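The next block holds one structure in the form of structure tokens; read it before the comments.
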2 protein chains.
Amino acid sequence: MTRVEQVNSTGLVGDTIGAISRHIREKDLMPGDRLPSEALLSKELNVSRTVVREAFRSLAAMRIIELATGKRATVAQIDHGAMSLMIEHGVHTDQINIQQIYDVRRTIETRIVTLAAIRRTDDEATQILALAARMQDAVNDPAALMEHDLAFHTALARASRNPVYSLLIGSFQGITRQTWPIGWKSRPTQAARDLMVGTHLDIARAVAASDPQQAAALMSLHFDESVRALLTAGLS
Amino acid sequence: MTRVEQVNSTGLVGDTIGAISRHIREKDLMPGDRLPSEALLSKELNVSRTVVREAFRSLAAMRIIELATGKRATVAQIDHGAMSLMIEHGVHTDQINIQQIYDVRRTIETRIVTLAAIRRTDDEATQILALAARMQDAVNDPAALMEHDLAFHTALARASRNPVYSLLIGSFQGITRQTWPIGWKSRPTQAARDLMVGTHLDIARAVAASDPQQAAALMSLHFDESVRALLTAGLS
DNA sequence: CATAGAAACCTGTCCTACAGGTTTGGGGGA
DNA sequence: TCCCCCAAACCTGTAGGACAGGTTTCTATG
């Protein structure tokens, strides 16, 4: 093999990742479009299939492409899976703490709910109200309640009509799943639990009523209360 | 080889990624700590080194671990590189547009500057002022100006004392580098350019003066003006 | 013209080999 | 005894071959 003796700092895999990314940009590929086969790329870039495969795996890990056995690799849609793992890793290794995440969430969710109140479709309003209602029904079933809670915030993000907000909310979902029970346990009284669930319903109503100020104020309140609950639970 | 005939939907590589992640969590590894060698993992997990390597590459792509030739893989520090690529991919494939990113940036940077005004150390205040000053010096050197601009916002994020904000600001930097010149071209007059640079200095002063309200108001203003400039440039 | 089936193609995993880079442990010198 | 240097052991990066399935494409047949 006519090995090209060009040793970059990145290594062949890094170079190949770059080449594939460039290929996507230059050919202006859209989600779903197919990439060249491993064998072809390997030939064109003068690297072994091993290298191409590792480059593919790297891009797949970032959800830039999608792999499936037998099929060719395709350009992927945005997905929060990778970011979720990265955030979880940051928390597990003490590089990020839960309050810091709550500060970010409060900041963006306040904006999200403002946009949602302005831009939501009627269908979305209905769906958001329904999720808040389901939370009330599940007030004594923590597992179900958490899922509806997450779905509620996800629906709001979608209604904001800004995919970046959906992406970020999704990215925090992984770690939220792991810490949500802590927050719930720190609300031991029925009153505290009803308040939490009730606030969600109020937010849903404000969004349905297209009242951005009210929606934002309530969301801010919700986070005040959540952070207080978390601190009470001793999560420093 | 005693091949375990357990076919998950994820495939062996996916399983292996999970096993390594679990290993990090269970052993409570911190950034810098070393992971087992490929050969060892391959033996313990009953998969080929190929599979372990692809799993390593995937984790490295998400910056969860770090690879280097000859050395063992280590647990990595949080890094925005992967997120930056993901965002860029989203923009290039028309899944995200620039205004959407600006809306998110405005939202979080307004919060960042509020926190920075409260929490900045004196050193950070000095550094932020210095960066704003350097922007003024480079008002006729777009390339240098852009770099100082990016460094300015990065410094503010650091002063907010919340690594998640630093992570997010970093994630937008890649795409910002590609769109910044558009915004600059849409400020063709000296007055518009001086205004943009001057706003940065005003923000720096507000942060140095520990005036969060003023800092936030100015940052909001800055983004108003930036979005207007971008729209003028015809970036729909 | 539609369709079933074969051929061609493609990915997932395993294995072996070897060129460097890194860590470690031991021996020799101060 | 302690320190330093070097060789051996270890480790990763890349190449290449093999084969089991899964997928796409083409063709011949009904």
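Bear in mind that the values here come from a model prediction, so they are computed numbers and not experimental data. Excluded from the calculations below are hydrogen atoms, water molecules and symmetry mates; all remaining heavy atoms, backbone and side chain alike, are included. Note on naming: letters A, B, ... go to the chains in the order of the sequence lines (proteins, then strands), and numbering restarts at 1 for each one.
The backbone N or O of A:Arg119 lies less than 3.5 Å from a partner atom in the side chain of A:Arg161, making a donor-acceptor pair.
For the residue pair A:Ser84 and A:Gln173, no side-chain donor N or O sits within less than 3.5 Å of a side-chain acceptor on the partner.
Listed by residue number, B:Ser37, B:Glu38 are the residues of residues 30-39 of chain B with a heavy-atom contact under 4.0 Å to DNA chain D. Near DNA chain D, meaning a heavy atom under 4.0 Å from it, residues 49-58 of chain A has A:Arg49, A:Thr50, A:Val51 in order of number. Of the residues in residues 63-78 of chain A, A:Thr69, A:Gly70, A:Lys71 come within less than 4.0 Å of DNA chain D through at least one heavy atom, sorted by number.
Geometrically, A:Arg53 does not engage A:Phe56 in a cation-pi contact defined by less than 6.0 Å to the ring centre and at most 45° from the axis.
Test A:Thr107, A:Val113, A:Leu115 against A:Arg111 for side-chain contact (heavy atoms from CB on, under 4.5 Å) and you get one pass: A:Leu115.
The shortest non-hydrogen separation linking A:Ser160 to A:Ala157 is OG-O, 2.6 Å. Shown here for A:Gln100 and B:Asn162, the closest heavy-atom pair between the two residues is O-ND2, 3.0 Å.
Relative orientation of the B:His200 and B:Phe152 rings is perpendicular, given thresholds of 30° and 60° on the angle between their planes.
We find that NZ of B:Lys43 is positioned 13 Å from C1' of D:dC11, with the value rounded to whole Å.
A side-chain hydrogen bond (donor to acceptor under 3.5 Å, both in side chains) check over residues 55-79 of chain B, counting only residues at least two apart or in different chains, returns the pairs A:Glu54-B:Arg57, B:Arg63-B:Asp79. Here ring-ring contact (aromatic ring centres under 6.0 Å, His included) pairs that include residues 161-186 of chain A, with residues two or more places apart or in two chains, are A:Trp180-A:Trp184.
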In residues 20-32 of chain B, what donor-acceptor pairs under 3.5 Å come from side-chain atoms, sequence neighbours left out?
| from | atom 1 | to | atom 2 | distance (Å) |
| --- | --- | --- | --- | --- |
| B:Ser21 | OG | B:Ile17 | O | 2.9 |

